[in-house]
K.L.:
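Structure incoming, see below.
In what follows, chains are A, B, ... by sequence order, proteins preceding strands, each numbered from 1.
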Amino acid sequence: MPKNEKDESAFGLKLNPRLLELLAKLQEIELEDFEMEVGDLEIWLQPGAVAAPGVAMPKLAPPAKAKPTQIIEAEFFPPVESYLGKVVEVTLGATKKKGGSRGKAITIGGETAPPFYTFEQPILHPPVISVDVFDMKVPLAKAVKMHVKDVLEDPAAWAKLAVKKFGADLLTVHLISIDPLVKDASPKEAVKTVEEVLQAVDVPLVIGGCGDPKKDADVFEAVAETFAGERFLMSSLTKDMDVERCAKFVKKHGHAALSFTPMDLNLARELNRILYDYLPKEDIVMDLTTAALGYGLDYAFTNMERARLAGLMGDPELAHPMSSGTTNAWAAREAWLEMAPEWEPRELRGPLWEVTTALTLLLAGVDLFMMMHPAAVKTLKDITKQLLGGSSGNADRLVEWVSMKT
Amino acid sequence: MSERETKTKGSIRELSPIDVYKLLPRTNCKECGEENCMAFATKLVNREVSLEQCPPLLKKENEKAYKQLKELLKPPIREVVVGVGDRAVKLGGKLVQYRHEFAYFNPTAIAIDVTDEMADDEVLDRIKRAEKFSFEYIGQILRLDMVAVRSVSNDADKFKALVKKVAENTSLPLILCSLNSNVLEAGLMAVPKAKPLLYAATKDNWREMAELALMYYCPLAVSAPNNLKLLRSLAKTLTAYGVEDLVLDPGTFAGDGLADTLNNFTMIRRAGCKRGDELLGFPLLGVPMTAWMDRGDAPEEVVKWKEAYTAAMLIVRYADAVVMHSVDGWALLPDAVLRQNIYTDPRKPVAVEAGLKVFGSPDADSPVMFTTNFALTYYTVASDIENAKLNTYLLVVDTEGIAVDSAVAGRKLTAEKVADAIKASGIEDKVKHRKLIIPGKSARLSGEIEELSGWQVLVGPRDSSDIPKFLLEKWQKQA
């Protein structure tokens, strides 16, 4: 539990909403110049493909050993590679037309190049963010809690806030109360919670279990059956569950499965192989485990980077879109703990911890982020837009940082 | 064809200790401290020792072999040293593009800027903050590495005075920044032997900058914003001029153009590591502080936030040094920790030895708790116990170096493992009670642990910083 809940200064409480507001303002400024359509990506020029204006380029190099008197021209060819594999595309959520009730469906995956190697391939489907909604009061960092304090025991209100104010692409409904060690809520109660959220918003949903292999299976089955055709992502299927049973009801009722394994690519392949017996590849997203910045992020990063590269190199068992429980960033005490004054305020440090964890994994290839803090969500969305936008910076002025006044 | 200078080199993973061994003296003299030349060769391939640790190899008669070995072991990304003395910083020296292919060396150096238009107090304060930045993490101290001294006024005398002041107040290596070679030279005269990084050679000033680099034996940064053809041409030209230590700056877009920046850094590193392109095989400099350009009326927190996350992306995508303006701990700490994480050697498990650890002088009534053998978890718990001066037993359970919550989720931490660890540790002979305090994040294992071990479980706090409070409130009441 975060300490010092009570002795927060008024400064801390005010600062964060202000940051959000400021970020929002800044975004508007940036968006004024942002008019690129997706189709423009195809004709987007490669950096370096155009020679700098005004540079004299002599045809012949001077004799060896003499100091050059002019720039010796060298070519640059983008080191483009080709890949055998393609990440499968997985669609989450179903519209009325497709047998569900969502406003729109979201497709992730489909990569044919490493993450954001847009010098090789444009991005087919941008990464998306699923914001956490809990079905009961859970310990939250103060920096997070301040944004959701009014909706803590109302999943439907929480869902609306996350979609309307935080800009969630999807929502993860965490059914914590079903845990036999917590409230042991029945599958029926879980179905009711999901129903409430489903009515409140029209984005696709991820259904989060409690981690108990038996109980999760029971609850997932009830949810899958009641909301057949909605194409939820069941988070998650693990090796110690009755995988056959779970995969069968996921398939039967038209949903998708999140295949979760603990930081081991062999286990990830193994679980996916078992799932292939019951589910088409297009129904499987994988979660290779996210550890927080400072608490094993290096493992998570390298695991995901390896998985994606292996998938592109032609290993079909790893060529699935990847999901990350980025909220785990808040497990790092540096994200929420009150520290010595030189590291404060934690209201900024905390969400930046989540952003840094997210960006690191964005660059490893994550397609679906499960996140928590609104400023972190907003920042990741802004950056994703920048990364899709291609070239629009003013390169000539870039070196002026040298003499910039600050 | 201009691609002639691009030669294909074998990847680091293809280098075998045998290839290295063949060129060593093979006398098994042990002067290097190893049992034999083969052991030394293996360590050379693993980059755990340097060639210079073999005294016979440095003798005249082995000169040829030494040179061949140097070439064989040469990293595709050149290692460039900035500064002199204890705090000198090594940039680059990378062997691979992806850390899982081997390991990354020489963590991204973080520089903080000062300018000749800042008041003296501000300059000194910023230097002090750069010097004093210190964060203890898994038994290491995370620090900042360099000071970037910028000429804003374009006045040679002012710049010289500033460089002198900075050098008098810090031993951190410097980056001297001005596109005017006269200004830069004035600064260099204040620190003629400090080997600062000179920033920067451009298409307009490269000759003068090259002369300065040669005259003062300094590494030289090359700037060609968003133009890799020009960057490569300048690298070729400067190399031909005789400047060997280059640092490449393809430009950092902190907002619009970020996609280009990531592409440029990625293409350069791939060309260097995978294609053996020597003209791009130099360390990379990122400048997240470009976030401060065109900031409009954006408030400081927002710019610092943007600068910090831009740095994070560059640390992941191959920057060997970054220049930052913000000196705020909240903004720099995530980057400093990220850098440490990314540069951790993936070949070595980050775990401590499992077993029973004793803190203070516990007796038969002292508390017994357990944690995992993930190094970070262990050190965090240990430092919280030590700081509170507790007398306690701590059972370290082998979870294959995974933290508590992930280990529970991934079944690396199970009731069986905990029960076995209790039995194996001999703790049952040391204490009279049978009460085990378990981490809050492993609460779900309570029942099973009680069943399998016969011990009573007390669910402890979710974070070890609350252990002292927990013991005070829960343990002492129990006892």
K.L.:
What part of Ser151(B) gets closer than 4.5 Å to chain A, counting heavy atoms only: side chain, backbone, both or neither?
P.N.:
backbone
K.L.:
Please walk me through it: do Glu334(A) and Val337(B) pass side chain to side chain contact (heavy atoms under 4.5 Å, CB included)?
P.N.:
CA-CA 10 Å; Glu334(A) 288 81 359; Val337(B) 173; 5.9 Å; no
K.L.:
Can you tell me which portion of Lys441(B) sits under 4.5 Å from chain A's heavy atoms? Options are side chain, backbone, both or neither.
P.N.:
side chain
K.L.:
Are Tyr295(A) and Trp353(A) close enough that their ring centres sit under 6.0 Å apart?
P.N.:
no
K.L.:
Please state whether the side chain, the backbone, both or neither of Trp206(B) comes within less than 4.5 Å of a heavy atom of chain A.
P.N.:
side chain
K.L.:
So for Leu176(B), is it side chain, backbone, both, or neither that comes closer than 4.5 Å to the heavy atoms of chain A?
P.N.:
neither
K.L.:
In terms of heavy-atom pairs under 4.5 Å with chain B, which of Glu342(A), Glu400(A), Arg349(A), Met404(A) leads?
P.N.:
Met404(A)
K.L.:
Between Asn341(B), Asn154(B), Thr252(B), who has the most heavy-atom pairs with chain A when the cutoff is under 4.5 Å?
P.N.:
Asn341(B)
K.L.:
Looking at CZ of Arg339(B) and CD1 of Ile315(B), how far apart are the two atoms once the value is rounded to the nearest 0.5 Å?
P.N.:
7.0 Å
K.L.:
When the ring centroid of Tyr104(B) is compared with that of Tyr343(B), is the distance short of 6.0 Å?
P.N.:
yes
K.L.:
With a 4.5 angstrom heavy-atom cut-off, which part of Glu211(B) approaches chain A: side chain, backbone, both or neither?
P.N.:
side chain
K.L.:
So which of Leu363(A), Val399(A), Leu181(A), Asn328(A) has the largest heavy-atom pair count under 4.5 angstrom toward chain B?
P.N.:
Leu363(A)
K.L.:
side-chain contact (heavy atoms from CB on, under 4.5 Å) with Ala364(A): which residues, sequence neighbours excluded?
P.N.:
Phe301(A), Met304(A), Glu305(A)
K.L.:
Look at Asp179(A), Thr357(A), Leu352(A) and state which one has the largest set of heavy-atom pairs under 4.5 Å with chain B.
P.N.:
Leu352(A)
K.L.:
Begin from the C-alpha positions of Glu81(A) and Tyr117(A) and carry the test side chain to side chain contact (heavy atoms under 4.5 Å, CB included) through to its verdict.
P.N.:
CA-CA 10 Å; Glu81(A) 285 174 17; Tyr117(A) 281 39; over 6 Å; no
K.L.:
Is it the backbone or the side chain of Arg129(B) that comes under 4.5 Å from a heavy atom of chain A, or both, or neither?
P.N.:
neither
K.L.:
So Leu362(A) and Leu387(A), do their side chains get closer than 4.5 Å, heavy atoms only?
P.N.:
yes
K.L.:
For Thr379(A) and Trp305(B), does a side-chain donor sit closer than 3.5 Å to a side-chain acceptor?
P.N.:
yes
K.L.:
Name the region of Ser464(B), side chain, backbone, both or neither, that has any atom closer than 4.5 Å to a heavy atom of chain A.
P.N.:
both
K.L.:
Going by side-chain hydrogen bond (donor to acceptor under 3.5 Å, both in side chains), name the residues that satisfy it together with Asp116(B), two or more places apart in sequence or in a different chain.
P.N.:
Ser153(B)
K.L.:
Please identify, among Ala335(A), Gly211(A), Gly296(A), the residue contributing the most non-hydrogen atom pairs under 4.5 Å to chain B.
P.N.:
Gly211(A)
K.L.:
Does the side chain of Leu231(B) reach to within under 4.5 Å of the side chain of Pro250(B), using non-hydrogen atoms?
P.N.:
yes
K.L.:
Which one wins on heavy-atom pair count under 4.5 Å against chain B: Pro180(A), Ala331(A), Gly294(A), Ala291(A)?
P.N.:
Gly294(A)
K.L.:
Counting heavy-atom pairs under 4.5 Å to chain B, which of Ile383(A), Asn303(A), Val355(A), Val182(A) comes out on top?
P.N.:
Ile383(A)
K.L.:
Given a strict heavy-atom distance threshold of 4.5 Å, which part of Tyr199(B) is in contact with chain A: side chain, backbone, both, or neither?
P.N.:
side chain
K.L.:
Under a 4.5 Å heavy-atom cut-off, does chain A meet the side chain of Leu280(B), its backbone, both or neither?
P.N.:
side chain
K.L.:
So what's closer than 4.5 Å to chain A heavy atoms on Phe253(B): side chain, backbone, both or neither?
P.N.:
both
K.L.:
Flag the one option from Thr290(B), Leu262(B), Leu338(B) with the top tally of heavy-atom pairs under 4.5 Å to chain A.
P.N.:
Leu338(B)
